[in-house]
Trainee: 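Have a look at this one.
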Amino acid sequence: MLDIQLLRTQPEEVVQRLATRGGDIDFAPFHALEAERKTLQQRTQDLQAQRNSLSKQIGMLKGKGEDASAVMAEVGQLGDELKASEARLSVLLEDINRFTSALPNLPGADVPVGADENDNVEIKRWGTMPSFDFEVKDHVDIGAGLNGMDFETATKLTGSRFVILQGPVARLHRALAQFMLDTHTAEHGYTELYAPYMVNSASLYGTGQLPKFAEDLFQIPRGESEPYYLIPTAEVPVTNFVRDTITPAEQLPLKWVCHTPCFRSEAGSGGRDTRGMIRQHQFDKVELVQIVTPEAAAEAHEALTRHAETMLEKLGLPYRRIVLCTGDMGFSAEKTYDLEVWLPAQNTYREISSCSSFGSFQARRMQARFRNAQGKPELAHTLNGSGLAVGRTLVAILENYQQADGSVRVPEALQSYMGGLKVISAQA
RNA sequence: GGAGAGGUGGCAGAGUGGUCGAAUGUACCUGACUCGAAAUCAGGCGUACUGAAAGGUACCGUGGGUUCGAAUCCCACCCUCUCCGCCA
C-alpha cells in the first residue's frame, strides 16, 4: 500500500510514476472520495466532540443527584445527524481503502521504464553455455529416460500440471533443497524457518496477493470459518512473521530462509509451458526474506540477489541477471532482478529466481515496524527472492549436465548430498 | 470433538455503565543525589488521524447491537489456556 499522504499531497507525481507500469488508473473517483471525506470527517468528529462533552455533563449532574433531562434532550438532537455522518464516513473510508489497496507500488527511481518483458534490461551474464556433440534432449525426455519423471501418473492422481519424481531424480530434487538451505544458513547468514503451508487472508493481504490476485491462489474452504489458502510462495508466511509487530532496531536485519512447496493455480496461463516441470501447480522453492531498515534496503537487495546467484554459480549453471522494467514488475515490487538460467533444450534463458525489494509497501499493509533512533515506530522495508526455485533448478541440471547416453552428471556441489553419486543413469 | 476459563498499554495486572485512554507494579527515558554505580526521590513514557498551536477524534481480541454515554451490558466470530477424548 502506498502512503496515503503521498496520494493526497503529490497526486500528480504518483499518477505519473504509476503510469510507467502501464494500464491507466483513474484517480478522479479517489479525489472525489477524498474531498467528501475531509469535510465529513471534520463534521463527524465535531459532532462526536459535542456528544462526548454533553454526555460527560450528564454523568456529572447525575453524580451530584441533579436533574439532567435538559442536557439529555440537547444531546438527543445530535443523534440522527451523528449516526448518518458516521455511517456515511465509514462507507467513504472503505471505498478509499479499496481504491488504495488496489494500487501497485511505485517503481524505484532507477528502474528502467518500459512496457513489457521486451524492455527488461540485461545486467550481467555468468558461466559458459555447454556445447553438445549430440542431439540435446529436454528435461522431460531426460527424466523419462532415467525412469525418474512421470507426468502421466501424476495427472491420474490429481490433474494436469503435477509431476512424480522417482529414484535418484527425486533424490536430486531433495538434495538441491538441502544444499540451498545449508549454503544460505552457513555462508549467507540466514536463519532457517519452517512455516505453515496454509495461511489466512490477512497474511495474503499483507504481502499484496490479496485482494487483487485471488484467482492465482488455491483456497481451502473451512465451512463457516474463513477459508485458508495454500501459499503461492514462502514469502507470505515468512514476511508476515513481522505483521503487527514492532521489532527492536538492534534485531534488524532479520534474514530468513525457508523451504516450502508453493501452490499456484496458474489461472490465465492456459497453454503456456504445458510441457514439463517449468510451470506446475505445485513446486518447491527455497525463499530468502529480509526485514531491514529503509537505509539498508538498497544494499540488502543487491546482497540478496548475490546470494541467489551464488547458488547458480556453485551448481555451475550459466545464467543472466536482468532488471525488470516498470511494466513487467509485480504488483508489490519497487525493483526486481530476475535471474534466468540457461536451458539448452529451449535454447534460451528461463526465470529461476526473482529478487525484489518492496520498500514500505508490504510493511504498511502489514503494519510491520521497527523502533528508530528517535524511539518512534517506523515502517520497515521488506525484501525477498528465490534462492532458488527447486523444480526449475532440477530442470536446469538435467538439461545442462546431460550426456550422449542419456545419463546426467551430478554437479560436484551436490555429490555429497547424493551419497557420492557422480552420474545418474537409467540403470541406477 | 466435549466441558470450563480468559483475551486491557513493552510485560504483569486493576477496572462490571458516567469527569477511563484507562489505577498500580515493572521495564524504559530524563533530572537530582553519587567520584561512578546501586538504592532512593522527582518528572516523563501507547498508536493513528486531524490541527500552525491549543486542542479534537478513534482505538481495551474482531465485527455488530443497546444507551445521552460502553473496556464495562447483549449477539456473532476469532484466538489463547486448562481438563477429558482422539491422533502423526
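Per chain, numbering begins at 1; letters A, B, ... match sequence-line order.
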Trainee: How would you label the contact of R43(A) with the nucleic acid (heavy atoms, under 4.0 Å): base, sugar-phosphate, or nothing?
Mentor: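 Contact class for R43(A): none.
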
Trainee: Using both distances under 3.5 Å as the test, list the Watson-Crick or G-U wobble partner of rA88(B), or none.
Mentor: none

Trainee: Can you confirm whether D110(A) is buried at CG, in the sense that more than 12 heavy atoms of other residues, nucleotides or ligands lie under 6.0 Å from that atom?
Mentor: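 More than 12 within 6.0 Å, yes.
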
Trainee: Let's test this: given Watson-Crick or G-U wobble pairing with both distances under 3.5 Å, identify the partner of rU19(B).
Mentor: none

Trainee: Please give the nucleotide sitting opposite rG69(B) as a Watson-Crick or G-U wobble pair, both distances under 3.5 Å, or none.
Mentor: none

Trainee: Using the P atom in both, what is the distance from rG56(B) to rA12(B), to the nearest Å?
Mentor: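 Per the computed distance, 31 Å lies between those P atoms.
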
Trainee: Partner lookup for rG46(B), please. Criteria are Watson-Crick or G-U wobble with both distances under 3.5 angstrom; report none if nothing qualifies.
Mentor: rC59(B)

Trainee: What class does the angle between the rings of Y190(A) and H184(A) fall in, given that below 30° is parallel, 30 to 60° is tilted and above 60° is perpendicular?
Mentor: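 Correct class here is perpendicular.
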
Trainee: Given rA48(B), is OP1 or OP2 found less than 4.0 Å from the side-chain N or O atoms of R364(A)?
Mentor: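 The answer is no; no side-chain N or O of R364(A) sits under 4.0 Å from OP1 or OP2.
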
Trainee: Provide the distance between the two C1' atoms, one in rU16(B) and one in rC74(B), to the nearest whole Å.
Mentor: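 To the nearest whole Å, 14 Å.
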
Trainee: Taking the C1' atom of each, how far is rA88(B) from rG7(B), in whole Å?
Mentor: 31 Å

Trainee: Under a 4.0 Å threshold between the charged nitrogen and the carboxylate oxygen, would R321(A) count as salt-bridged to E313(A)?
Mentor: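 R321(A) and E313(A): not salt-bridged.
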
Trainee: First locate atom OG of S332(A), then atom NZ of K212(A), and finally report the distance between them rounded to the nearest 0.5 Å.
Mentor: 10.5 Å

Trainee: What is the distance from CG of L40(A) to P of rU50(B), rounded to the nearest Å?
Mentor: 15 Å

Trainee: For E412(A), I'd like to know if atom CD has over 12 heavy atoms of other residues, nucleotides or ligands within 6.0 Å.
Mentor: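 Open.
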
Trainee: Does the plane of the ring in F361(A) sit parallel, tilted or perpendicular to the ring in F331(A)? Use 30° and 60° as the thresholds.
Mentor: perpendicular

Trainee: Distance check, C1' atoms only: rG9(B) and rU47(B), in whole angstrom units.
Mentor: 10 Å

Trainee: Write down the partner of rA5(B) under the Watson-Crick or G-U wobble criteria, each distance required to be under 3.5 Å.
Mentor: rU80(B)

Trainee: Taking the same atom, P, in rC33(B) and in rA42(B), what whole-Å distance lies between them?
Mentor: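 The answer is 16 Å between these two P atoms.
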
Trainee: Considering only the P atoms, how many Å lie between rC79(B) and rC20(B), rounded to the nearest integer?
Mentor: 35 Å

Trainee: What are the two closest non-hydrogen atoms of I142(A) and L398(A), and how far apart are they?
Mentor: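 Scanning both residues completely, I find the closest heavy atoms to be CD1-O, 3.3 Å.
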
Trainee: May I ask you to say what R369(A) touches in the nucleic acid, namely base, sugar-phosphate or nothing, with a heavy-atom cut-off under 4.0 Å?
Mentor: sugar-phosphate

Trainee: Using atom C1' of each nucleotide, how far apart are rG1(B) and rC86(B) to the nearest Å?
Mentor: 8 Å

Trainee: Tell me if the centroids of the rings in F218(A) and F263(A) come within less than 6.0 Å of each other.
Mentor: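 Centroid separation for F218(A) and F263(A): 6.0 Å or greater.
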
Trainee: Can you tell me the distance, in whole Å, between the CG atom of L89(A) and the P atom of rA48(B)?
Mentor: 20 Å

Trainee: rU47(B) C1' sits how many Å from I246(A) CD1, rounded?
Mentor: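 Value for this atom pair: 8 Å.
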
Trainee: Across all strands, who's sitting opposite rA27(B) as a Watson-Crick or G-U wobble pair, both distances under 3.5 Å?
Mentor: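 Base-paired to nothing in any strand shown.
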
Trainee: Given that both distances must come in under 3.5 Å, which nucleotide forms a Watson-Crick or G-U wobble pair with rA52(B)?
Mentor: none

Trainee: Could you work out the separation of rA71(B) and rA23(B) based on their C1' atoms and round it to a whole Å?
Mentor: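 One C1' to the other, the span is 14 Å.
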
Trainee: Sugar-phosphate atoms are those with a prime plus P, OP1 and OP2; base atoms are the rest. Using that split, label each nucleotide of nucleotides 57-72 of chain B B, S or - for protein heavy atoms under 4.0 Å, 5' to 3'.
Mentor: SS---------BS---

Trainee: Using the closest heavy atom to pick a nucleotide of RNA chain B for each, name whichever of R371(A) or Q5(A) lands nearer the 5' end.
Mentor: R371(A)

Trainee: Partner lookup for rU34(B), please. Criteria are Watson-Crick or G-U wobble with both distances under 3.5 angstrom; report none if nothing qualifies.
Mentor: none

Trainee: Give a yes or no on whether M418(A) atom CE has more than 12 heavy-atom contacts from other residues, nucleotides or ligands under 6.0 Å away.
Mentor: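 More than 12 heavy atoms, drawn from other residues, nucleotides or ligands, come within 6.0 Å of this atom.
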
Trainee: Could you tell me how far apart N200(A) (CG) and rC77(B) (C1') are, to the nearest whole angstrom?
Mentor: 14 Å

Trainee: To the nearest angstrom, how far is K38(A) atom NZ from rU50(B) atom P?
Mentor: 9 Å

